[in-house]
Protein chains: 2
Amino acid sequence: MKPIPKKRVCSVARSIEILGDRWIFLILREAFFGVRQYDQFQANLGIATNILSHRLKLLVENGILERKQDPQDGRRFRYKLTEKGMDLYPITLAFMKWGDRWLSGQEGPPLILKHKSCGRPLAPEMCCAYCRQVIDARDVAIGEYKFENV
Amino acid sequence: MKPIPKKRVCSVARSIEILGDRWIFLILREAFFGVRQYDQFQANLGIATNILSHRLKLLVENGILERKQDPQDGRRFRYKLTEKGMDLYPITLAFMKWGDRWLSGQEGPPLILKHKSCGRPLAPEMCCAYCRQVIDARDVAIGEYKFENV
DNA sequence: TAGCATTGCTTGCAAATTGCAAGCTATTTA
DNA sequence: TAAATAGCTTGCAATTTGCAAGCAATGCTA
């Protein structure tokens with residue numbers, strides 16, 4: 001794929017360069033649901049096999065998934081989230097929350113998660129680590145930007 | 001584009017269907033930075049004009065941006081984030097945070113944001129609205145799923 | 001008020017990507 | 001030893017992308 005023009009040096013762009021594709025987060029969703037095998041990804045997503053193998057390769061190359069042969073059965077490979085991959089959970093949750101709110105219709109959210117550590121339904125909020133308030137785009141300004149040449 | 005097969009009814013998939021594209025979040029990033037005009041999006045992103053107009057159309061159709069003619073200058077149109085669009089800020093921040101952590105290299109994050117309401121640098125965390133703890137994927141389970149036929 | 005500039009597109013075309021179906025290889029099971 | 005399974009690869013048609021050129025509507029300038 002053609003690289004994104006680097007008009008702004010930006011972590012959003014860098015992330016999107018790897019993750020900005022219609023299949024990546026669906027594969028990751030399945031991984032977060034515990035799916036580990038090629039077959040299972042394929043069956044759960046209905047994705048073409050060539051696309052799936054390409055995306056898995058990409059995720060492995062980028063250190064998001066780890067591919068390990070099953071010692072019990074040499075035909076099988078397990079795709080497991082790395083720490084870097086696990087750290088994509090907030091993005092996945094953010095997609096889910098937005099979809100729950102804006103795309104659910106009358107029936108409400110199709111899936112409700114549970115926060116095991118507190119026992120309540122999971123209600124994710126993006127908040128500020130310092131003041132603990134929920135973050136609103138209107139409360140955010142640019143602090144420092146390292147590349148003022150733009 | 002071919003619709004995502006609906007093997008699971010899922011808000012992640014519904015969101016991705018609209019947002020899962022390499023340009024969408026870059027356009028949104030610009031919008032969050034205050035960009036409103038076609039020209040500016042084009043110049044800041046280096047995106048082909050046909051692609052840009054297609055994506056803007058898509059965002060408008062999905063109620064994420066609003067397109068309004070400038071009353072001062074009939075040639076100009078302002079693309080403004082709707083409430084639904086503003087609500088995509090957490091996802092954008094989540095992409096940024098992940099990129100800051102995993103793709104920054106030695107130099108550190110290219111951009112530091114400031115939380116105007118508390119005066120500190122913005123450190124976004126995905127936390128549980130009930131217990132206020134930072135959410136880890138390993139602490140989450142499936143609560144209710146409405147479509148057990150899968 | 002005629003001509004030029006600006007804004008926001010559209011069109012045409014080559015190249016890349018996607019999705020489907022078939023096939024292939026290495027293991028494992030019967 | 002043959003059949004089944006897992007994880008792919010390949011070939012091909014259709015769709016999407018990116019580039020460049022062009023165009024219409026509005027505004028500005030002499």
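Quick note on labels: first sequence line is chain A, next is B, and so on, each numbered from 1. These numbers come from the heavy atoms of this one structure, side chains and all, not from hydrogens, waters or symmetry mates. Not measured: the values here are computed from a predicted model.
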Within-4.5 Å side-chain heavy-atom neighbours: A/Leu28 and A/Ile64: yes
Test item: B/Arg101 and A/Asp87 side chains (from C-beta on) under 4.5 Å apart, heavy atoms: yes
Interatomic distance where CD belongs to B/Gln69 and P belongs to C/dT7 [whole Å]: 14 Å
Residue pairs passing the ring-ring contact (aromatic ring centres under 6.0 Å, His included) test where at least one lies in residues 53-87 of chain B, sequence neighbours excluded: none
B/Gln69 side chain reached by B/Arg76 side chain, heavy atoms, under 4.5 Å: no
Close side-chain approach of B/Arg14 and A/Ser104, heavy atoms under 4.5 Å: yes
Sugar-phosphate only, base, or nothing, as touched by B/Asp21 at under 4.0 Å among non-hydrogen atoms: sugar-phosphate
Below 4.0 Å: OP1/OP2 of C/dG19 and any side-chain N or O of A/Trp23: yes
Touch class at under 4.0 angstrom, heavy-atom based, for B/Arg78 against every strand present: nothing
Atom pair CG (A/Leu122) and SG (B/Cys131), whose distance is rounded to the nearest 0.5 Å: 8.5 Å
Sub-4.5 Å side-chain heavy-atom contact between B/Ile47 and B/Trp23: yes
Separation of C/dG8 P from B/Lys68 NZ (nearest whole Å): 16 Å
Sugar-phosphate, base or nothing in reach of B/Gln42, heavy atoms under 4.0 Å: nothing
Sugar-phosphate only, base, or nothing, as touched by B/Phe41 at under 4.0 Å among non-hydrogen atoms: nothing
Rounded distance (Å) that lies between atom P of C/dT6 and atom CD of B/Gln37: 13 Å
Residue mapping more 5' on DNA chain C - nearest nucleotide basis, A/Lys2 or B/Gln40: B/Gln40
Rounded distance in Å - CD (A/Gln72) to C1' (C/dA26): 18 Å
First encountered from the 5' end of DNA chain D, between A/Asp73 and A/Pro3: A/Asp73
A/Tyr38 OH to C/dC24 C1', straight-line distance once rounded to whole Å: 13 Å
Rounded distance in Å - CZ (B/Arg75) to C1' (C/dT7): 6 Å
Contact residues, residues 50-57 of chain A to DNA chain D [heavy atom, < 4.0 Å]: A/Asn50, A/Ser53, A/Lys57
Terminal contacting nucleotides, 5' and 3', DNA chain D versus chain B (heavy atom, 4.0 Å): D/dT16 to D/dG27
Separation of atom CG in A/Leu58 from atom P in C/dT17, rounded to whole Å: 11 Å
Point-to-point distance, once rounded to the nearest 0.5 Å, from OG1 of A/Thr49 to CG of A/Leu56: 11.0 Å
Any side-chain heavy-atom pair of B/Arg132 and A/Cys127 under 4.5 Å: yes
